[in-house]
Each structure stands twice: as structure tokens, then as C-alpha cells.
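In what follows, a single structure is set out as C-alpha cells and then discussed.
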Amino acid sequence: MNTKASESGIPGKRTLIFLICCLAVPASAFVLLRGDATPFLVWWFCVLILGILFFPLSSRLFRSFSDKGWGFSKVLGIALSGYVMFAFCRAGIMPFTTLFSFLCTIISAAAVLILCIILSKKQGRPFLEKQGLSFDLILFEEFLFLAVFLMWTYFTGFRPEALSTEKFMDYGFMAAMMRDTAQPAADIWHANDAINYYYGGQYYAVFLTKLTGTKVNESYNIAKSMIGAFAFVLPFSIGLHLFEGLRSRKVRFSGFGTLVGLITGAAVSLAGNVHYVLYGLFGNVFRLSGYEDYWFPSSTRYIGHNPETADSCIHEFPSYSFVLGDLHAHVVNIMFVLLFIGLVYAWFQSREKERNAMTEGPGTVRELFKEVVSDPYIWCMTFLIGIFQWTNYWDFVIYLTVAVIAFALCALRQHRRIAIEAVLMFVTRIFIVFIVQFLVAAPFALSFVTMQSGIGRSVYHSAFYQLVILWGLPVLCVILLFAFTVYKTARRERAEEEKKHNPVRTFVSNLTLSDMMALLLGFCGIGLILIPELIYVRDIYGEGFARANTMFKLTYQAYIMFGISMIYSIFRLLTGVKTVFVQAVSVALLFVFALTCIYFPYSVNCWFGNVTDREGYAGLDATAYLDYQIPSDAEAIHWLEKNVQGIHTILEANGNSYTEYCRVSAMTGLPTVMGWYTHEWLWRNDTEELNARIAEIDQIYTSSDRERVIELLRKYDVEYVFIGYYEREKYPNINEMLLKSLGTVVYRGTNGENPAYIIQISGEGL
């Protein structure tokens, strides 16, 4: 950066270049996205404003970062303002609407502003932490965010439909929340009941949809793309600051540190795993069993699938999720998880400053408690842990554990000569976390019935070679980093008395903060891949799939943690050890990782096709597929979207999960009597009641007993009966005359030989 230009207030050349790049991306959006550029830019501008509003808070929390937590400020704004809207809605104070979403954002931002002003006066610190702030880095991060956001949005436009996998569920949740002003919203597949799932992720997507005034059929895809951008930029910031934290106390925006950050972002959000390298990239060379049938999902279905066993498992990762396009709980929560990880590292840095300034430490329990209670990091981390119960319960358990380990490391490091104070601080922090997270989660937990049935001992175990292929690369990096830090610590001169007192405490105390953070993430990641080999969480999935969900949710987070710790470990060894052999090993590890990144263009080509051909861009409308997939039903579904406001129960044919049954409820957000069977079984664990609903739907469509049909329609408050392609397929003997006699045909299609039609049930007919 041009120092003289900066001192004179004139932007330097690098600043101007980054500013031009930031402006060029929105301009490119109009070329690539065409008419979809408007909702895309509205979302970007909304998130940008949230970042500005909550930057005073992030600048205090991330004051040791040279970007002052710019990227994290956006996620803070989303998390806090969205939660305030949710809490007020659950308390019956405000309805969930665009107006009140905007109002809650203003309230949240004002509260943060007042808090920062009070703290700045109390602590004698500036309102906005500007010391060491790199405006160039902020501009560069904004350019990265915009570029990756646009990239995923453009790719998605080649296959935007909310169809296949669990997209019906994800889109249906969002569509229902757009209609419903209450929380939790109505369950689209279990009429007269509310959603009983971890719907917080979809809620936040809808919160931003209402805040921006955009349409859900577009925002479904925009939200997924935005999370993909956060999944790159936030690890970039963490990776850069971890590495630069080694080089000097003043973190710089250097070229090499930027390279580490970019590779870290790629490791978390774009890379695949070594399975792709062996089976996909070099399948013809290694000729391992199953390479002939390799497709990009194969890297997520390896254990129990190749070779096939009675232990089918799932081990997905973010890049696969962004390509596939699900907006599921574990995907939306990525941005909050990365915010949590960033906060842990920022907290380590803040405690280190106090550790260096501390001589004897606080002496009374009251002072200790006051110190913990006044720690903003504890409150922010606890808040996130609390909302994880709502967004993705698995992450609640995982990051609660990470927090406890972080507290233990801090206690060992900061109070190495004051054992009793270390214990008191550790216990106090845990106590606050458990109490506060419970209160944060209460608005969700009060209406939620848990779906798990306890813990089981794993009967099946993964083959060692499969674990090595999937996780060997990051685990080796973490182990090498650990060996390096042990060796480095052992060479330091230490007081013999301290060495004998507690070698673990001595080791932790002599670690650099960057090393400690990388090892924390690395060993937590190792723990997450080992847990499914020992135990699993019981759910409805029995023989053959018992470990599937447990391995899926745990190793997904392991992948994120490994992405950060692995890249840091490689560059730490590459720059910290002068031995030629160690540097050669580091380069080799980096090369293998680079090969896993080829998964990204391969999977994009598999799923989206040739994205260089702009003629293949179909737009962002997630429901447009209806017009060519089931044209006879499409017009009727669009009629419901336009003409039926609020929550009204419809009747349509139910079906098994992952099929195209229940397309009406999923695409409109209107609840139906019974939807995807396996999903409702998982959410409610009451197959007897579900089977009864299925039988009663059959009776409504086919029975000639008028009184029985009327009784059942009243039981579920059915207001509209849909008769279309799948109803005729499932119930070939539909008693259409009887159903028509119970109301009025408010819509009749014109498409096809057997067009769909909708009967509005009238009070007179019943």
C-alpha cells in the first residue's frame, strides 16, 4: 500500500484497484444473471448494510484482526437481528412480516450501537476500533464475497429447480414461513401441526427474504449461494490471521498471508477429498474397485457403499452441498459455525493480552465472576451455541464441546501458577454457557419434541483404509503440526520446577495462539471422525443405516475444522522448519490437497453442465421446472400461490420421501394432511398416526360414503382438494363427482388431456 497516499488521505493504488474490482462484480451480475441481477444485488446490499450496522460490535470482538471482523459483522447482523424477530414472534409481540423484520433489525442495530458507546466510555476505548485497521483488506474481502456469491448464483441458474434430494422439504419450509406470520410455521406435511424440526436455518433464509422484499422462489437459490460466499470469505479471514499471527504482533495484509487465506477458503468450501483423487481423477491409473462408476456424489457415499456392506454411511462436505443445492440445516449453519470459530480465536487473542498484563491475577471469587460475566466473547459464543439448538442440534453438541475445550486451554494457559483461580474461571464460564444457551434456545425448545432415542454402541466399523482415504490427509497434517510444536516446546529452556509441576500446562503455555487454535480444531476434527466408530445416536434409521446420520453430521463439521487446521499446518511447517525433508513433505501435502480442489470444477460440470455456455442459464426461479416437468399441474399450483393467502389446508396425494409426491404443499407452503412419509416418521416418530392419516386420505379420494368423507375433511380442516397427475396416478378410482358436490371448482386447467383442477370445500357442501 502507498503509505504517503494513505497519510494524505488519498487512496493508494491497491485501494483503487480493489474498489474497482468491487464495483466490477455488480456490473458483471447484469451480464451473467440478466433479470436475476436485481434480487441478487438486493441481497448483497442488504447483507452489506447489516455488516456496516454491526461493524462497531465486530470491531471490538475482532480488534486483533486487521479487518476488524468485517466479514463476521455481516453474520453477526443476520444472527442477532433474525433472532430478535424470532423471539418477539414467539412471544406474540410481533408477527413475522417484512415490516417487523425491518423494525427488529433497527432495534438490534440500535441496541448494539448503544452498547458499544457505553463500553467505549467505560473502557476508555474508541467507539470504533481503528488501530491496525486495513481498509484494503476489507475491500479485498468484499470483492471475494461478491465474486464467490456471484459465481455460485450464476452456476445455480443452470439448474435452479427445487427438485430431488431434500429440496422439497427445504423449499416447503421456506414457502410455509413466507405465508405464516407465526413461529414455528405450519408443518407442510402434517396438517394442523407446526414444524417439529431444526428449522432455524430456513428461518434465517426467510428472514432475509422478507427483509429484502424478494420472492422465495428466487431467494431459495440466492440464500444457498450467499452461504457459499461466507464459507469462502470467513475461512479466508481466519486462515490469514492465523498465519499472520505467527509473524508479528501486528497482523499485516501481506501477499503470502493472503495466499494462505485464499487456500484456506478453498479448503473449506471448494475442495473435495482424496477419494476423488484416487477414484475420480486417477481412476484409470489406480483402477480401484468402483472407479468406472465414479460420479461426484461417490466421494460422499464410500463407507458401506464400495464395497457394499450392511453399514451404509454418509460423509458429505460443503463443496458437494453447494453444488447439489440443498438448503438444509447443516448447510445454512455453516456461516454461524465459522463465526463461532472466528470468535474462539479472537477470544484467545484477547485473553492473551490480559495474560501478558497479569501478575498475580484476580484474587476473589467475586472478581473472577465479574471478569467472566463482563467478557463479551463468552456471551457471543454462548448466544451462538444457543441458536445451534434451533439451526442444527448436532452443531450445538459439537461446538459446546469445542467451547469447553477452549475454556480448559485458556485456563491452563492464563493461570498456570494459580491453579484454584484457573478452576474457578473454567467452571464459571461453563456455568454461564449452560444457563444462557438454555435461555437463548427456549423460544424454540418450548415447542420442540426431540427426535433422538438415545445413544447406541457401534456394531459396524469403517475399514481402516477407507478412513485413511477420506481423512488421512488432514489427520497427517495435524499430527505433523503437533509433533512440530512438541519438539519446539521441548527445545525451549524452562524452569525445572515448572516442568515437573505440569508438563501439559507447560506445553499449552508455550504454544503460539495460532498453533493452539489449529491444534484445537485439528484434534476436535479427529475426535469427530472417531466417535461414529464407537457410538451413534439412535433415530428411525435402523439396520444398514444406523451410523449414517451420526457420521454425516459429525464428519461434516470435521471437514470444516480440518480445512482450516490442515492448510495452516502445511504452511506452518513449510515456513517454520528449515529442514529440506520437512519442507518437501509439506509441498507434497499441499500438492495432494491441490488435487482435491479439482473436485470443484468436476462436480460443477457434472451437475450444472457447461457453465461457460451462457445459453444454458435458466434463471433462479426454483419452481419454474413445474411448467415442463408436470405442465398439467403447474398452472394449478401457480394459481394457489397467487390466490390463496395465509395458511389453509389442502389435500393432495401423499407419498414416500424423495419422490415428487407432495409437490403442491412443497411449492406453495400450504399444509397438506400427510406428506413425505420417512421425514414425518423422523420428526414425529409415530408411525401409527401417520399410517392412519394415509388411510384417511385414501378414503377421502375414493370413498362413496359422503358422511365419512365430510367427517374426515372436517377433521383436518381441509379447504382445498387438489386433483392432478399424481392424485390420478395413486387413486385411479377417485370419486370426483362426490368431491365436486362438496364445494366449488375454483380452478380448472387447460393443459393436457386430464388437466388438474381445484375444489374449494364450502360450508354449504359440508
Side-chain angles (χ1 to χ4, degrees), residues 64 235 238-249 251 256-257 260-261 263-264 267 341 344-349 351-353 355-356 402 404-416 422 471-496 498-530 558 561-590 593:
S64 296
I238 295 171
L240 183 149
H241 290 96
L242 277 175
F243 185 76
E244 289 291 355
L246 291 169
R247 306 176 69 176
S248 65
R249 291 188 178 183
V251 177
F256 201 71
V260 176
I263 297 176
T264 304
I341 292 173
V344 171
Y345 181 53
W347 180 66
F348 279 161
Q349 291 177 315
R351 301 310 300 171
E352 189 72 0
K353 291 182 179 180
R355 173 204 186 202
N356 294 332
V402 171
V404 170
I405 296 173
F407 296 159
L409 290 172
C410 184
L412 285 170
R413 188 179 181 90
Q414 189 170 5
H415 300 278
R416 60 182 184 272
W471 307 109
L473 175 62
V475 169
L476 178 59
C477 292
V478 172
I479 291 174
L480 289 175
L481 175 64
F482 178 67
F484 166 71
T485 54
V486 170
Y487 174 74
K488 185 178 178 181
T489 302
R491 292 190 61 184
R492 288 184 177 179
E493 293 184 2
R494 301 186 302 272
E496 197 66 29
E498 182 183 10
K499 181 179 178 181
K500 292 179 179 178
H501 180 64
N502 193 324
V504 175
R505 180 178 295 169
T506 301
F507 172 72
V508 172
S509 298
N510 286 302
L511 285 172
T512 66
L513 288 180
S514 297
D515 287 346
M516 186 169 74
M517 186 68 196
L519 288 174
L520 168 63
L521 294 177
F523 280 107
C524 283
I526 292 173
L528 291 173
I529 64 175
L530 291 178
M561 295 179 188
F562 280 147
I564 298 170
S565 61
M566 173 177 62
I567 301 305
Y568 172 84
S569 299
I570 291 173
F571 281 95
R572 179 73 164 108
L573 295 171
L574 191 61
T575 59
V577 182
K578 303 304 180 182
T579 308
V580 175
F581 174 74
V582 174
Q583 291 185 333
V585 170
S586 301
V587 171
L589 293 172
L590 188 60
F593 164 73

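Start at 1 with the first residue, then count along the sequence. Computation of the quantities below employed the complete heavy-atom set of this structure, encompassing side-chain atoms and omitting hydrogens, waters and symmetry-equivalent molecules.
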Spatial distance of atom CG (Leu511) from atom CG (Leu409) [nearest 0.5 Å]: 8.5 Å
Contact check, side chains of Tyr568 and Thr264, non-hydrogen atoms, under 4.5 Å: no
Nearest-0.5 Å distance, CE of residue Met516 to CG of residue Leu513: 5.5 Å
Any donor-acceptor pair under 3.5 Å from Ser514 side chain to Leu242 backbone: yes
Pair Tyr345, Ser64: side-chain N/O donor-acceptor within cut-off below 3.5 Å: no
Distance in Å, Ile570 CD1 paired with Thr575 OG1, rounded so as to fall on 0.5 Å steps: 11.5 Å
Side chain proximity check, Arg351 to Arg413, heavy atoms < 4.5 angstrom: no
4.5 Å side-chain heavy-atom contact, Phe407 and Trp347: yes
Ala558: partners by side-chain contact (heavy atoms from CB on, under 4.5 Å), with sequence neighbours left out: Leu528, Ile529, Phe562
Side chain proximity check, Ile567 to Phe243, heavy atoms < 4.5 angstrom: no
Inter- and intrachain pairs under salt bridge (charged side-chain N to carboxylate O under 4.0 Å, His left out), touching residues 561-577, at least two apart: Asp515-Arg572
Contacts of Ser569 that satisfy side-chain contact (heavy atoms from CB on, under 4.5 Å) - sequence neighbours left out: Cys477, Leu481
Contact check, side chains of Val260 and Leu240, non-hydrogen atoms, under 4.5 Å: no
Pairs of donor and acceptor atoms involving the side chains of residues 579-589, under 3.5 Å and at least two apart or interchain, shall be tabulated with distances.
| from | atom 1 | to | atom 2 | distance (Å) |
| --- | --- | --- | --- | --- |
| Gln583 | NE2 | Leu574 | O | 3.3 |
| Gln583 | NE2 | Val577 | O | 3.2 |
| Ser586 | OG | Val582 | O | 2.9 |

Min side-chain heavy-atom separation Ile405-Cys524 under 4.5 Å: yes
Phe571: partners by ring-ring contact (aromatic ring centres under 6.0 Å, His included), with sequence neighbours left out: Phe256
Sequence-distant partners of Phe593, ring-ring contact (aromatic ring centres under 6.0 Å, His included), two or more places apart: none
Where Gly522 and Ser565 come nearest, the two heavy atoms and their spacing: CA-OG, 3.7 Å
Side-chain heavy-atom pair Ile564, Met517 within 4.5 angstrom cut-off: no
